[in-house]
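Sending over a structure as structure tokens; questions will come in a sec.
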2 protein chains.
Amino acid sequence: MTEEDLILQQVLNEEEELTEKQKKIIIAAIESFSEKGFAATSTSEIAKKAGVAEGTIFRHYKTKKELLISIVTPVMAKLLAPFIIKDLNKVLDRDFEKFEDFLRAMIENRKKFLKNNFAIFKILVQEIPFQPELREQFLEHIAKKTFGRFAKLVEHYQAKGQIIEMPSASAVRLAASAIIGYLLINSVFGSGKEWDDEAEIERTIEFIMHGISKKE
Amino acid sequence: MTEEDLILQQVLNEEEELTEKQKKIIIAAIESFSEKGFAATSTSEIAKKAGVAEGTIFRHYKTKKELLISIVTPVMAKLLAPFIIKDLNKVLDRDFEKFEDFLRAMIENRKKFLKNNFAIFKILVQEIPFQPELREQFLEHIAKKTFGRFAKLVEHYQAKGQIIEMPSASAVRLAASAIIGYLLINSVFGSGKEWDDEAEIERTIEFIMHGISKKE
DNA sequence: TTAAAAAATGAGTGATTACTCACTTTACAG
DNA sequence: CTGTAAAGTGAGTAATCACTCATTTTTTAA
């Protein structure tokens, strides 16, 4: 439970048996795709960066696109896995009495994930609009499975009287917008000293719960 | 005041005098860049789609990148212009008594803009991570000018007692996250019949004002 | 009507692209 | 050791890339 978040490591170790050269190819490809974009990265460049002959790439991956997909797929499958697939059901009835506490844990969890997998995440976001395979995977893994789970979670807290009545899809959208907005801005400005992270997290949670209007 | 939002038309008509062929090049380039991405689009493809010789492109634009920038720059400059540069100051003290009304107008305004300029907007978002010139322009036009104006607007409504006390930057971030989240999801699912647009707009505004917690 | 300027052309440039394949090296079971 | 399969190689492929330039067509103005 220490560093299950490092998807790169996870893929390099667990999955199938990868040769040393193959690992180097993956690492080099992630770096280049993230920096320059998929289409603007050449296979010769990846080979050079990986210290490998260009032919070696095509021994393991039939095409350049297949290399991309082999990198991005595990992120898809695990993007929200720690909470969703493993823990969400427990969370639902046991762990968090208050929705606010769930939000806090959620933000912390996804923040770590994003930090640990920023390069791969960036590739994913960049290429989804152009790669139909990726879009399908995304809809399958994220949009359907994950979103459905969150909807149920919202309904749970609605039943408890902590969340107002509205379609659960809308509630998920609104909360997710705020959290994703926080995560993205934190990933850009998080290192600056004007950014008070603790405070911003609390403001985000407070905002999701109570908005920004003055109570009277 | 009818269709000032169509940036493409605006560029093609107003700006400098463009030849017919040049207009066709711009239209073809926007289409291809939006569909396949900048790096994956070839100049020969643009020329063919525009019904123009490839050399004609390079008569007007020194490089392919210059073509990209000439397309995206006006969007930058005008992305939030209608509200910001032209109307925001008036709005500030006169038009909207309540912050909620401002939000409503804001959402409607930006929704139209996005709908009318979706292809160019997509290109902008896609290429900002890879084109330093675009990033600079973005910081100059959007991040600084626009964000500063919004911050002032928030402070105005804080002074009126309609928004709780918090750093104005944080309030802008939170409200903008909710609005942008709405706009993006609307641009994807907005055509489906499960999407009740009026209701989602109101929920978004209500969320920004009061969050999703049950009042008691 | 004409001459100069601007716009447009498309064949041609060398560089680079993703990918192939005959070959060599390495790993390992019997 | 030996044989076999997998891993790795890098020169070579045709296609495509962004871009050039000598030439032709169109526009403009006197």
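First the proteins, then the strands, lettered A, B, ... as listed; each starts at 1. All heavy atoms count here, side chains included; hydrogens, waters and symmetry mates do not.
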Integer-rounded Å distance: dC17(D) P and E54(B) CD: 8 Å
N or O in side chain of H60(A) less than 4.0 angstrom from dG8(D) OP1/OP2: yes
Minimum-distance pair of heavy atoms, taken over all atoms of A175(B) and I208(B): O-CD1, 3.9 Å
Non-hydrogen atoms of V72(B) and I123(B) that approach each other most closely: CG2-CG2, 3.8 Å
Spacing between K48(B) atom NZ and dC17(D) atom C1', to the nearest angstrom: 14 Å
d(CD, Q22(A); C1', dG8(D)) in whole Å: 12 Å
Sugar-phosphate, base or nothing in reach of S42(A), heavy atoms under 4.0 Å: sugar-phosphate
Upstream residue (5' side of DNA chain C) when V52(B) and A40(A) are each assigned their closest nucleotide: V52(B)
Side-chain H-bond candidate by donor/acceptor type, S44(B) with E54(B), under 3.5 Å: no
Phosphate OP1/OP2 of dA18(C) contacted by T43(A) side-chain N/O (<4.0 Å): yes
Phosphate OP1/OP2 of dT9(D): any T56(A) side-chain N/O under 4.0 Å: yes
Side chains of K115(A) and S187(A), donor plus acceptor under 3.5 Å: no
Shortest non-hydrogen separation from K64(A) to T41(A) and the atoms involved: NZ-O, 2.8 Å
side-chain N/O K21(A) vs dT9(D) OP1/OP2, d < 4.0 Å: yes
Upstream residue (5' side of DNA chain D) when E20(A) and K62(B) are each assigned their closest nucleotide: E20(A)
Touch class at under 4.0 angstrom, heavy-atom based, for T19(A) against every strand present: sugar-phosphate
Length of the line joining E45(A):CD and dC19(C):P, which is rounded to integer Å: 15 Å
Contact under 4.0 Å: S44(B) side-chain N or O vs dT16(D) OP1/OP2: no
Gap between atoms NZ and P, on K64(B) and dA15(C) respectively (whole Å): 19 Å
Spacing between R59(A) atom CZ and dA18(C) atom P, to the nearest angstrom: 19 Å
Between dA8(C) (P) and K23(B) (NZ): distance, integer Å: 12 Å
Nearest-Å distance for atom pair CZ/P, residues F58(B) and dA6(C): 22 Å
